[in-house]
Trainee: 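My questions all concern the structure below.
Side-chain atoms are counted along with the backbone in the values below, which use heavy atoms only and exclude waters and symmetry mates.
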Amino acid sequence: FFIYLASSLVFGYNELWYKLLPFLRGSLVDRTIGKAGIIMEFPKHPFRTHGGAAVPHHKNTWELPTATMPPPERVILPMQQHLGAPCVPTVKKGDTVFVGTVVGDSDAYVSAPVHASVSGTVEELTTVMLTGGQMTQAVVIRSDGKMEKDPAIYPPAAITTKEELAAAARSAGLVGLGGAGFPAHVKLNVPEGKQIDTLIVNVAECEPYVTSDHREALENGKNVLEGIYKVKEILEVQRVLIAVEDNKPDVIQRLSEIANDPQRDPLDQVRVLPLKSRYPQGAEKVLVQACTGRKVPEGKLPADVGCLVMNIGSISFLASYMRTGMPLTLKRVTLDGSAIAHPQNVIVPVGTPIKDVVAFCGGYKAEPKKLIMGGPMMGVAITSDELPILKQNNAILAFDEREAALRQPTACIRCGRCVAACPMQLMPTKLEQAAERKDTEALQSLHVMTCMECGCCSFSCPAGRRLVQAIRLGKSYVRKAGGKK
């Protein structure tokens, strides 16, 4: 028992014995009494989660202040910058637009409007290919360099209800800024019958190289807390956990200092929870378990276990939108990798071609053999730097030939490391074999759609097997066969 207790305090404790040994709770949690006498417990240590990988951090830009890029000559605004239905252009060639003008929208519930990120003239309506290979319409705007704000933009009226908060998020075009691009208004519109008691602010940023959230916390910490208090008040949340990996001590200190505000938070219901630095700590389902001990069932969402997870960038943007009314037109992205001359974080207008952002960072110092949109674990390799920056992009990485080289895969040695590393407790080798056979029944029986494509299996494989790539193909086979979407 004492060996298990010691190891749990080091590696994170399991919710099972936490429930079975209530007499130990006093040393593991702090209790506060919220509204209506509800007792809320704040963990002193993160709960244990399964698997993961000790990936190298390579946080090369965390100390560098964010630079702001001047408006590019033109921006390309795809109508699909989110999960869900694509937008339809609401402007035509030759139209004059301003910063914040709606240029694309949809009647679909799971969608988010697209706004002009520069002022100028609509040059053309075209079609572009996204990173996944799908084609979508796009609005191309020639910038006039003035960055004039749309005169119709003004701060919204006081937001006091859940419906108003969700409507504001949709009007702002807000999507998940951590990479997934899920429309924020859908997440904030909590269905009837589901009670949210915990807001988790995701500052884990577990991907190597990426430091955009790190800089957001340091440079806009007060704005982050303002957004937290507003969402907490509107949704009547009793507990807020700001989840930060412990490899960011400056962020932990900064946010803890700001959160320790007896006037705004007299019941001390907003706290920073340091997490173990282990990838993929920032994945939504992993984060919920690490912060609360609750497991999100297969096919369910965090709301089903009383949690709402929001990226720090999203929560900070909400505070800005409530103050200014300016929709989502700018994005902070990390530019890094062995082929980038001057790695740094840059705030750019959404739709800026990647090549322009690279040029702002000094260009390439070596020929890029691999371009990645996002982090090296879950990001997507792209074939051209002509593609634009999207709302949900948090990084652009460029690697030279040496760092882009991949190991040649060899035969599986059945070591089981991929199984041990999988946060969702799947069997990647079995999934790979089923994908090679295009056996959709086996893929579904092995829960292929539960895979979050974090890449821990491929990273951990000593044989260099392309496991996550095979699983991604397997998912496509299931979808084509009419299985789970």
Side-chain angles (χ1 to χ4, degrees), residues 68-82 84-128 130 136-157 159 164-177 181 183-185 313-314 316-333 346-354 356-357 387-393:
T68 300
M69 180 179 170
E73 290 186 4
R74 66 175 192 158
V75 295
I76 305 166
L77 298 170
M79 296 293 99
Q80 180 87 61
Q81 299 189 49
H82 49 267
C87 292
V88 176
T90 57
V91 293
K92 62 184 183 299
K93 182 177 179 179
D95 283 356
T96 298
V97 296
F98 302 94
V99 178
T101 301
V102 176
V103 297
D105 206 346
S106 170
D107 293 331
Y109 176 60
V110 184
S111 186
V114 179
H115 301 82
S117 57
V118 297
S119 58
T121 306
V122 176
E123 189 174 78
E124 64 173 328
L125 303 182
T126 186
T127 302
V128 297
L130 300 178
T136 186
Q137 288 181 290
V139 174
V140 180
I141 302 172
R142 174 70 60 176
S143 173
D144 59 14
K146 299 178 181 179
M147 295 298 283
E148 290 185 70
K149 186 178 78 170
D150 192 313
I153 289 177
Y154 51 86
I159 297 172
E164 290 172 347
L165 179 63
R170 193 193 187 286
S171 296
L174 179 60
V175 302
L177 301 181
H185 68 276
S314 301
S316 179
F317 170 79
L318 273 177
S320 298
Y321 178 75
M322 293 181 197
R323 187 172 61 252
T324 66
M326 177 58 70
L328 181 57
T329 60
L330 299 175
K331 188 68 176 75
R332 179 189 276 104
V333 292
V346 186
I347 294 177
V348 304
V350 173
T352 301
I354 293 171
D356 292 350
V357 188
L387 291 172
I389 297 292
L390 306 180
K391 293 180 184 181
Q392 68 270 37
N393 290 160

Trainee: Quick one: closest heavy-atom pair of Ser111 and Ala108, and the distance?
Mentor: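 Taking every non-hydrogen atom into account, CB-O, 3.8 Å.
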
Trainee: Could you check Leu390 against Leu387 for side chain to side chain contact (heavy atoms under 4.5 Å, CB included), going step by step and ending with a plain yes or no?
Mentor: CA-CA 9 Å; Leu390 306 180; Leu387 291 172; over 6 Å; no

Trainee: So how far is it from Asp107 CG to Cys87 SG, rounded to the nearest 0.5 Å?
Mentor: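 Reported to 0.5 Å precision, the distance equals 10.0 Å.
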
Trainee: According to ring pair (Phe, Tyr, Trp, His ring centres under 6.0 Å), who are the partners of His185, at least two apart in sequence or on a separate chain?
Mentor: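 Once residues adjacent in sequence are excluded, the partners of His185 under the ring pair (Phe, Tyr, Trp, His ring centres under 6.0 Å) criterion are Tyr109.
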
Trainee: Can you tell me how far the CE atom of Met322 sits from the CZ atom of Phe317, to the nearest 0.5 Å?
Mentor: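 Answer rounded to 0.5 Å: 10.0 Å.
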
Trainee: For the CG atom of Leu174 and the NZ atom of Lys391, what is their distance to the nearest 0.5 Å?
Mentor: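 One finds 8.0 Å between CG of Leu174 and NZ of Lys391.
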
Trainee: What distance separates Gln80 CD from Gln137 CD, expressed to the nearest 0.5 Å?
Mentor: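 It comes to 11.0 Å.
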
Trainee: Flag yes if more than 12 heavy atoms outside Glu164 fall under 6.0 Å of its CD atom; otherwise flag no.
Mentor: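 Correct, the count exceeds 12.
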
Trainee: Do Pro155 and Arg323 have side chains that approach each other closer than 4.5 Å (heavy atoms only, starting at C-beta)?
Mentor: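 Side chain of Pro155 against side chain of Arg323, heavy atoms only: no contact under 4.5 Å found.
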
Trainee: Do you know which two heavy atoms are closest between Leu77 and Gly351, and how far apart they sit?
Mentor: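 Taking every non-hydrogen atom into account, CD2-CA, 3.9 Å.
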
Trainee: Can you see which heavy atom on Pro388 is nearest to which on Asn393, and at what distance?
Mentor: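 Minimum heavy-atom contact is O-OD1, 4.0 Å.
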
Trainee: Quick one: does any side-chain atom of Lys146 pair with a main-chain N or O of Ser119 as donor and acceptor, under 3.5 Å?
Mentor: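 Answer holds: no.
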
Trainee: Any side-chain heavy atom of Lys331 within less than 4.5 Å of one from Thr352?
Mentor: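 Side-chain contact under 4.5 Å: no.
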
Trainee: If you measure from CG on Leu330 to OG1 on Thr68, what distance do you get to the nearest 0.5 Å?
Mentor: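 So the gap between those two atoms works out to 8.0 Å.
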
Trainee: Which atom pairs, donor and acceptor, lie under 3.5 Å between side-chain atoms of residues 91-99 and protein residues at least two apart or in another chain?
Mentor:
{"unit_1": "Lys92", "atom_1": "NZ", "unit_2": "Asp95", "atom_2": "OD1", "d": "3.3"}
{"unit_1": "Asp95", "atom_1": "OD2", "unit_2": "Lys92", "atom_2": "N", "d": "3.0"}

Trainee: How far does NE2 of His115 sit from CD1 of Ile153, to the nearest 0.5 angstrom?
Mentor: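 If we round to the nearest 0.5 Å, His115:NE2 and Ile153:CD1 are 7.0 Å apart.
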
Trainee: Using side chain to side chain contact (heavy atoms under 4.5 Å, CB included), reason through Val118 and Met147 one step at a time and then give a plain yes or no.
Mentor: CA-CA 5 Å; Val118 297; Met147 295 298 283; 3.8 Å; yes

Trainee: For residues Ala85 and Ser106, report the shortest heavy-atom separation together with the two atoms involved.
Mentor: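 So the minimum-distance heavy-atom pair works out to CB-OG, 4.2 Å.
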
Trainee: Main chain of Gly145, side chain of Ser143: is a donor-acceptor contact present, judged purely on distance under 3.5 Å?
Mentor: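 Such a contact is found between Ser143 side chain and Gly145 backbone.
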
Trainee: So, Arg74 and Asp356, do they make that salt bridge, N to O below 4.0 Å?
Mentor: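 Looking at Arg74 and Asp356, the cut-off is not met.
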
Trainee: Considering all heavy atoms of both residues, which atom of Ile159 and which atom of Ala168 are nearest to each other, and what is their separation?
Mentor: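 That closest heavy-atom pairing would be CD1-CB, 3.5 Å.
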
Trainee: Within the distance-only criterion (no hydrogens, no angle test), does the side chain of Ser117 pair as donor or acceptor with the backbone N or O of Val350 below 3.5 angstrom?
Mentor: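 Yes, because the side chain of Ser117 sits within donor-acceptor range (under 3.5 Å) of the backbone of Val350.
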
Trainee: Quick check: closest heavy atoms across Val175 and Gly181, and the distance to 0.1 Å?
Mentor: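 Taking Val175 first and Gly181 second, the nearest heavy atoms are CB-O, 3.6 Å.
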
Trainee: Can you name the one residue among Thr90, Val139, Val88, Thr127 that meets side-chain contact (heavy atoms from CB on, under 4.5 Å) with Met79?
Mentor: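 Among Thr90, Val139, Val88, Thr127, the one that satisfies the side-chain contact (heavy atoms from CB on, under 4.5 Å) with Met79 is Val139.
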
Trainee: Using only atom types and a distance under 3.5 Å, with no angle test, would you say the side chain of His82 pairs donor to acceptor with the backbone of Val110?
Mentor: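 Such a contact is absent between His82 side chain and Val110 backbone.
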
